[in-house]
*Asks:* 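Mind having a look at this structure? Questions to follow.
First the proteins, then the strands, lettered A, B, ... as listed; each starts at 1.
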Amino acid sequence: MTDLKPPGGPLTGTPAVSVCVLTKRADFVRASNARRQGTPGIHLQGRKRAEGEAAGIRVGFTCSKKVGNAVARNRAKRRLREVARIVLPEMGLDGWDYVLVGRKDITATLPFDQLIADMRRAMKKVHG
RNA sequence: GCGGAUGGCUGGAUGACUGCGGCAGCAAUGUCGAGGAAAGUCCGGACUCCAAAAAGCACGGUGCCGGGUAACGCCCGGCGGGGGUAACCCCAGGGAAAGCGCCACAGAGAACAGACUACCUGAUUUCGAUCAGGAAAAGGUGAAACGGUGGGGUAAGAGCCCACCGCGCAAGCGGCAACGCAAGCGGCACGGCAAGCCCCACCGGGAGCAAUGCCAAAUAGGGACCUCGCGUCGCAAGACGGGGAUGCUUGAACCCCAGAUGGUCCGGGUUGGCAGCUAGAGGGCGUCUGGCAACAGGCGCCCCAGAUGAAUGGUCAUCCAUUUGUGGGCAACCACAAAGGACAGAAUCCGGCUUAUAGGCCAUCCGCGCAU
RNA sequence: GCGGGCGUUGUGUAAUGGUAAGACCUCAGAUUUCCAAUCUGAUGAUAGGGGUUCGAUUCCCCUCGCCCGCU
């Protein structure tokens, strides 16, 4: 199934908005029906929430069983979490939900700086 | 040195920056944080609930003997059978003279007796054969065919007789036992399958931490049908009576009894938090005692994660082995560069089994070769 | 996590322990001016590995894959 992990604590260079983590299945479903952008390493889904729904940036992580066994899934999730920790403070928009989806083999093995580049490109596409 | 057998260990190391979960703290911060299989869920337990977890039946499991253990289908030791030159390895390994069932095709005949071809004797004969009797060695079939070899014997033959081998029964002896050794007896009979039914012995009540208990929120604390039934004595406690059992029957204690009870069905709801939740038959090291061993016991020291969209990560440097390429060298090897670092991630806990696993290391033993 | 079930040609189904059957599909041929329909023929499977047995789809064990239930 899909997995996610609790808030990332105080982020370095955090902007004024807070970041929290998606835990409800309904939020994941809504995000997947909104804007999406695939890159070699990351599949990104993004959604601008309706007024009064929640505050700040929210982010979720998903690695289905297609990604591999438990070791591969956990590894992909950890790297996605690290990517979000670095990229979201500089590019995330207040009032949006983001869902990062792992891809088979690639998310766990791609060089890390390339993964970050993929994330930045996907963010631009989803916002634009 | 080469080849092999068995048992065991390890599962990259150090550092820097930056993150995550638990605990402590107002905070700064401190401290702890995956495995030998955490896996498969194949067994066994602990623990919780089910009216006791009791008896019988049913059902399921195990299956040489002895021991170990909380327990086991696990482990240790022994026995028997099979394989290997050997070290050593493998075996669901009780009962087929309790009973039932099955043994296709082929073959004369498939389980207990019988006789297709062929053999022998006699009679008949159209000289092809037919009939009566003897016999069970030879042929062919098959996974399996009624002991084997040699000799005697005979009309032909046959354990019909003899020798050796095999087989069965077995006094006695050894061993806790499985079992082993075996005088003697028997002309030989009793085929295989019980991972077919079954018999025997032993074991097992069922469900499972999403168990179970509590708190909060929410909803229609709703509707239909059926069953028991509207008790007696007593001020009361209680007694009598009735009801309540998870495959079936019995069933003490216990619970309920005029309930808005119990059962079935329909409809609604199905979220959040806390406890269970991690220190236990616990692990490691050292040492002593008993034991062939598994293991048991004593002492000392050290160590023990608890998440819940689920923590233990990311990046880099150096070293460590590995592979590839280039250069040098007869070679061992040296230098430089690059790549990738086995299987795999706790979810109530523990003991086993099974399966996956790069590379490396240690010990013991066997065979061959060489040297002494 | 815990508990349960299933696995046979490409698909959905059969098979007392004894040659794996039949249907649809695919291919080829026949029929037809051509197509469809029809007829004939062919290809093709017991999830994998061990064990019991003379002989396993069937009986036993291990592994793999798929499906279902739970508050």
*Asks:* Does B/U6 fall in syn (glycosidic angle within 90° of 0) or anti?
*Replies:*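 This nucleotide is in anti.
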
*Asks:* Rounded to whole Å, please give me the gap between CG in A/Asn74 and C1' in B/A344.
*Replies:* 11 Å

*Asks:* For B/G36, does the O4'-C1'-N9-C4 or O4'-C1'-N1-C2 angle fall within 90° of 0, making it syn, or is it anti?
*Replies:* syn

*Asks:* Would you call C/A20 syn or anti, using the 90° rule around 0?
*Replies:*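 Anti, which is what one calls it when the glycosidic angle falls more than 90° from 0.
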
*Asks:* Are OP1 or OP2 of B/G314 and a side-chain N or O of A/Arg75 less than 4.0 angstrom apart?
*Replies:* yes

*Asks:* Could you please name the partner base of B/C2, counting Watson-Crick and G-U wobble pairs only when both distances are under 3.5 Å?
*Replies:*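 Pair assignment: B/C2 / B/G367.
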
*Asks:* Please report the distance, rounded to the nearest Å, between CZ in A/Arg81 and P in B/G313.
*Replies:* 11 Å

*Asks:* If I take atom CD1 in residue A/Ile86 and atom C1' in nucleotide B/C316, what distance separates them, rounded to the nearest angstrom?
*Replies:*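 Spelled out: CD1 on A/Ile86 to C1' on B/C316 is 13 Å.
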
*Asks:* Given that both distances must come in under 3.5 Å, which nucleotide forms a Watson-Crick or G-U wobble pair with B/G7?
*Replies:* B/C362

*Asks:* Is the glycosidic angle of B/G128 within 90° of 0, making it syn, or outside that range, making it anti?
*Replies:* syn

*Asks:* For residues 105-128 of chain A, which residue pairs qualify under ring pair (Phe, Tyr, Trp, His ring centres under 6.0 Å), counting only residues two or more places apart or in two chains?
*Replies:*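 Listed once each, the pairs are A/Trp96-A/His127, A/Tyr98-A/His127.
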
*Asks:* Any salt bridge linking A/Arg85 with A/Glu82? Criterion: basic side-chain nitrogen under 4.0 Å from a carboxylate oxygen.
*Replies:* yes

*Asks:* Within the distance-only criterion (no hydrogens, no angle test), does the side chain of A/Arg103 pair as donor or acceptor with the backbone N or O of A/Ala108 below 3.5 angstrom?
*Replies:* no

*Asks:* Roughly how many Å is it from NZ in A/Lys77 to C1' in B/A307, rounded to a whole number?
*Replies:*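 It is 11 Å, rounded to the nearest whole Å.
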
*Asks:* Could you tell me the separation between the CG atom of A/Leu80 and the P atom of B/G314, rounded to a whole number of Å?
*Replies:*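 That distance rounds to 12 Å.
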
*Asks:* Kindly say if A/Arg79 contacts the phosphate of B/U315, meaning a side-chain N or O under 4.0 Å from OP1 or OP2.
*Replies:* yes

*Asks:* Does a distance-only test, which skips hydrogens and angles, find a donor-acceptor pair under 3.5 Å between the side chain of A/Arg78 and the base of B/G345?
*Replies:* yes

